[in-house]
Amino acid sequence: MWRKVKKLKIALFLMVSMILLAACGNSESANGDSNAAGDGAAYNLVEDGKLTFAASGEFKPFSYMEGSDMVGYDVAVGEAIAEKLGLEPNPQRAKFSGIVTGVTEGRYDIAVASHTITEERLQQVNFSEPYYYSGPVIYTRPDSNIQTEDDLEGKEISVARGTTYLEVAEQYTSSIPQVDSDVVALQSLASGHHDAVITDDVTGFTAIDAGLEIEGKFQLDVAEQAVAVKKDNTALLEAVNEALEEMRESGELAALSEEWIGGDITEEPEIEE
């Protein structure tokens with residue numbers, strides 16, 4: 001009888017021990033997951049608890065210096081992503097030409113630096129979903145009858161000297177006055193010269209905000225700008241995409257664009273066929 005009671009006690013002891021061990025294991029696992037989310041351990045970060053992201057600091061209004069602080073749309077997006085991931089934002093200024101290499105070599109966790117998604121860059125890094133779109137836009141005076149690409153045929157279209165917009169304009173006309181800058185072209189347009197100007201939407205937003213009576217009619221091509229992430233860091237890429245999607249759905253991404261750019265460049269524009 002004594003032996004049976006002893007065996008029963010041992011069996012009960014072992015059973016309780018196994019239950020406690022299992023509970024501890026589950027607790028440690030949960031805590032481990034929580035800590036990984038809190039300090040970014042799952043993302044293999046450059047510095048624990050921080051999201052180190054690169055921008056050029058030389059591309060106003062996307063990233064530029066105000067005293068010792070780097071600010072702009074790119075920087076604001078990077079800071080917002082860090083916040084969504086529960087990390088401290090750690091923006092780093094870097095020469096644009098070396099930023100992608102810096103991501104591949106692990107000097108930066110990500111780049112939020114107005115990188116256009118290209119096949120060449122995709123060989124070096126992965127890209128998030130676009131956080132804004134750019135490309136050549138047709139600007140006219142408000143009373144213009146230009147509404148579609150067909151309306152550009154034979155019109156006088158001004159562009160800034162030395163830009164790729166000259167090649168775009170040549171598809172529609174041979175009358176292409178070239179001026180010193182996009183701003184000069186838009187000022188001339190508002191003053192009654194030329195039929196249209198080709199420039200990017202950000203330049204157009206800035207000119208309109210400054211009081212020029214012009215308007216953007218349609219976009220001729222689209223370039224997707226996205227966050228660059230190291231090739232093997234799929235966990236971080238997924239987290240960045242989730243953060244951007246949350247910002248897009250809540251309106252935060254558009255609000256940052258309005259604040260820094262003066263218009264919403266976060267929605268993919270429709271291109272005239």
*Asks:* Between Thr266 and Asp264, is any side-chain donor less than 3.5 angstrom from a side-chain acceptor?
*Replies:*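 Yes, side-chain donor-acceptor contact under 3.5 Å.
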*Asks:* Is any NZ, NE, NH1 or NH2 atom of the basic residue among Arg248 and Glu129 found under 4.0 Å from an Asp or Glu carboxylate oxygen of the other?
*Replies:* no
*Asks:* Establish whether Val77 and Phe59 are linked, either directly or via other cluster members, by ILVMFWY side-chain heavy-atom contacts under 4.5 Å.
*Replies:* yes
*Asks:* Please give me the minimum heavy-atom distance between Val197 and Leu186, naming the atom from each residue.
*Replies:* CG1-CD2, 3.7 Å
*Asks:* So which heavy atom on Gln171 is nearest to which on Glu153, and how close?
*Replies:*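 Answer, listing the atom of Gln171 first, then Glu153: O-OE2, 4.3 Å.
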*Asks:* Would you check, one step at a time, whether the test side-chain contact (heavy atoms from CB on, under 4.5 Å) holds for Met65 with Glu58?
*Replies:* CA-CA 7 Å; Met65 302 306 296; Glu58 298 178 340; over 6 Å; no
*Asks:* Under a 3.5 Å distance rule, please check whether Thr206 uses its side chain to pair with a backbone N or O of Val202 as donor and acceptor.
*Replies:* yes
*Asks:* Measuring only between side-chain heavy atoms, which start at C-beta, is Thr173 closer than 4.5 Å to Asp195?
*Replies:*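 Contact flag for Thr173/Asp195 side chains = no.
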*Asks:* Under a 3.5 Å threshold, yes or no: a donor from one side chain and an acceptor from the other, between Tyr132 and Ser114?
*Replies:*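 Indeed, the side chains of Tyr132 and Ser114 share at least one donor-acceptor pair under 3.5 Å.
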*Asks:* Just by distance, no angles: are the side chains of Ser158 and His193 close enough, under 3.5 Å, to form a donor-acceptor pair?
*Replies:* no
*Asks:* Could you tell me if Asp200 and Thr203 have a donor-acceptor pair between their side chains, going purely by distance under 3.5 Å?
*Replies:* yes
*Asks:* Can we say Lys84 and Glu246 salt-bridge, meaning some charged N sits less than 4.0 Å from an Asp/Glu carboxylate O?
*Replies:*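 A salt bridge is present here (some side-chain N lies under 4.0 Å from a carboxylate O).
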*Asks:* Starting from the C-alpha separation in whole Å, work towards a yes-or-no answer on side-chain contact (heavy atoms from CB on, under 4.5 Å) for Leu220 and Tyr172.
*Replies:* CA-CA 12 Å; Leu220 297 171; Tyr172 306 100; 3.5 Å; yes
*Asks:* Rounded to the nearest 0.5 Å, how far does CD of Gln147 lie from CZ of Phe218?
*Replies:*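 Between atom CZ of Phe218 and atom CD of Gln147 there are 8.0 Å.
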*Asks:* Are there more than 12 heavy atoms of other residues, nucleotides or ligands under 6.0 Å from atom NZ of Lys60?
*Replies:* no
*Asks:* Indicate, with yes or no, if Val240 and Leu122 share a hydrophobic cluster defined by side-chain heavy-atom contacts under 4.5 Å among Ile, Leu, Val, Met, Phe, Trp and Tyr.
*Replies:*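 No, it is not one cluster - the side chains of Leu122 and Val240 are not joined through contacts under 4.5 Å.
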*Asks:* Does CD in Glu213 sit with more than 12 non-hydrogen atoms of other residues, nucleotides or ligands closer than 6.0 Å?
*Replies:* no
*Asks:* I'd like to check Glu215 versus Lys217 (side-chain heavy atoms, cut-off strictly below 4.5 Å). Are they in contact?
*Replies:* yes
*Asks:* Where is the tightest heavy-atom contact between Tyr43 and Ala239, given as atom of each residue plus distance?
*Replies:*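 Smallest interatomic distance, heavy atoms only, reads OH-CB, 3.6 Å.
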*Asks:* Among side-chain atoms of Asp74 and Tyr131, is any donor-acceptor pair under 3.5 angstrom?
*Replies:* yes
*Asks:* Are Phe53 and Asn90 side-chain neighbours, meaning at least one heavy-atom pair lies under 4.5 Å?
*Replies:* no
*Asks:* Measuring from atom OG of Ser56 to atom CD of Gln92, what distance do you get when rounded to the nearest 0.5 angstrom?
*Replies:* 13.5 Å
*Asks:* Any side-chain heavy atom of Gln225 within less than 4.5 Å of one from Pro130?
*Replies:*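 Gln225 vs Pro130: side chains apart.
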*Asks:* So which heavy atom on Ala55 is nearest to which on Val112, and how close?
*Replies:*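 So the minimum-distance heavy-atom pair works out to CB-O, 3.6 Å.
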*Asks:* Can you tell me how far apart CG (Asp201) and CD1 (Ile265) are? Round to the nearest 0.5 Å.
*Replies:*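 Spacing of CG (Asp201) from CD1 (Ile265) equals 6.0 Å.
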*Asks:* Working to the nearest 0.5 Å, report the span between CD of Glu156 and OG of Ser174.
*Replies:*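 So the CD of Glu156 and the OG of Ser174 are separated by 10.5 Å.
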*Asks:* Donor-acceptor pair, Thr104 side chain versus Thr101 backbone, under 3.5 Å?
*Replies:* yes
*Asks:* Output all residues satisfying side chain to side chain contact (heavy atoms under 4.5 Å, CB included) with Ala255, sequence neighbours left out; order by chain, then residue number.
*Replies:* none
*Asks:* Is any side-chain heavy atom of Val75 closer than 4.5 Å to a side-chain heavy atom of Ser63?
*Replies:*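 A side-chain contact exists here, since the closest heavy-atom pair is under 4.5 Å.
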*Asks:* Would Leu253 end up clustered with Phe205 when hydrophobic side chains under 4.5 Å apart are linked, directly or stepwise?
*Replies:* yes
*Asks:* Which pairs with one or both residues in residues 101-119 pass salt bridge (charged side-chain N to carboxylate O under 4.0 Å, His left out), sequence neighbours excluded?
*Replies:* Glu105-Arg107
*Asks:* Given Met70 and Tyr64, is the side-chain contact (heavy atoms from CB on, under 4.5 Å) satisfied, shown in steps?
*Replies:* CA-CA 5 Å; Met70 187 165 61; Tyr64 60 100; over 6 Å; no
*Asks:* For the residue pair Glu224 and Tyr133, what are the closest heavy atoms and their distance?
*Replies:* CG-CE2, 3.8 Å
*Asks:* For the residue pair Phe96 and His115, categorise the inter-ring angle as parallel (less than 30°), tilted (30 to 60°) or perpendicular (more than 60°).
*Replies:*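 Answer is parallel, since the angle falls under 30°.
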*Asks:* Please tell me whether Val168 and Ile176 are part of a single hydrophobic cluster in this structure, the criterion being side-chain heavy atoms less than 4.5 Å apart.
*Replies:*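 Yes, Val168 and Ile176 fall within the same hydrophobic cluster.
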*Asks:* Would you tell me whether Thr52 and Glu47 have side-chain atoms, one donor and one acceptor, within less than 3.5 Å of each other?
*Replies:* no
*Asks:* Could you walk me through whether Glu88 and Leu51 pass the side-chain contact (heavy atoms from CB on, under 4.5 Å) check?
*Replies:* CA-CA 6 Å; Glu88 179 184 343; Leu51 183 66; over 6 Å; no
*Asks:* Among the clusters formed by ILVMFWY side chains lying less than 4.5 Å apart, do Ile110 and Leu237 turn up in the same one?
*Replies:*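 Yes, Ile110 and Leu237 fall within the same hydrophobic cluster.
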*Asks:* What heavy-atom pair brings Leu189 and His194 nearest, and what distance separates the two atoms?
*Replies:*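 Looking at all heavy atoms of both residues, the shortest contact is CD1-O, 3.9 Å.
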*Asks:* Under a 4.5 Å cut-off applied to non-hydrogen side-chain atoms, are Leu87 and Leu45 in contact?
*Replies:*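 Leu87 reaches Leu45 side chain to side chain.
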*Asks:* Could you tell me if the side chain of Val125 sits less than 4.5 Å from the side chain of Val229, heavy atoms only?
*Replies:*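 Result no, sub-4.5 Å side-chain heavy-atom pair not found.
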*Asks:* Quick one, Met247 and Leu256 - any side-chain contact, counting heavy atoms below 4.5 Å?
*Replies:* yes
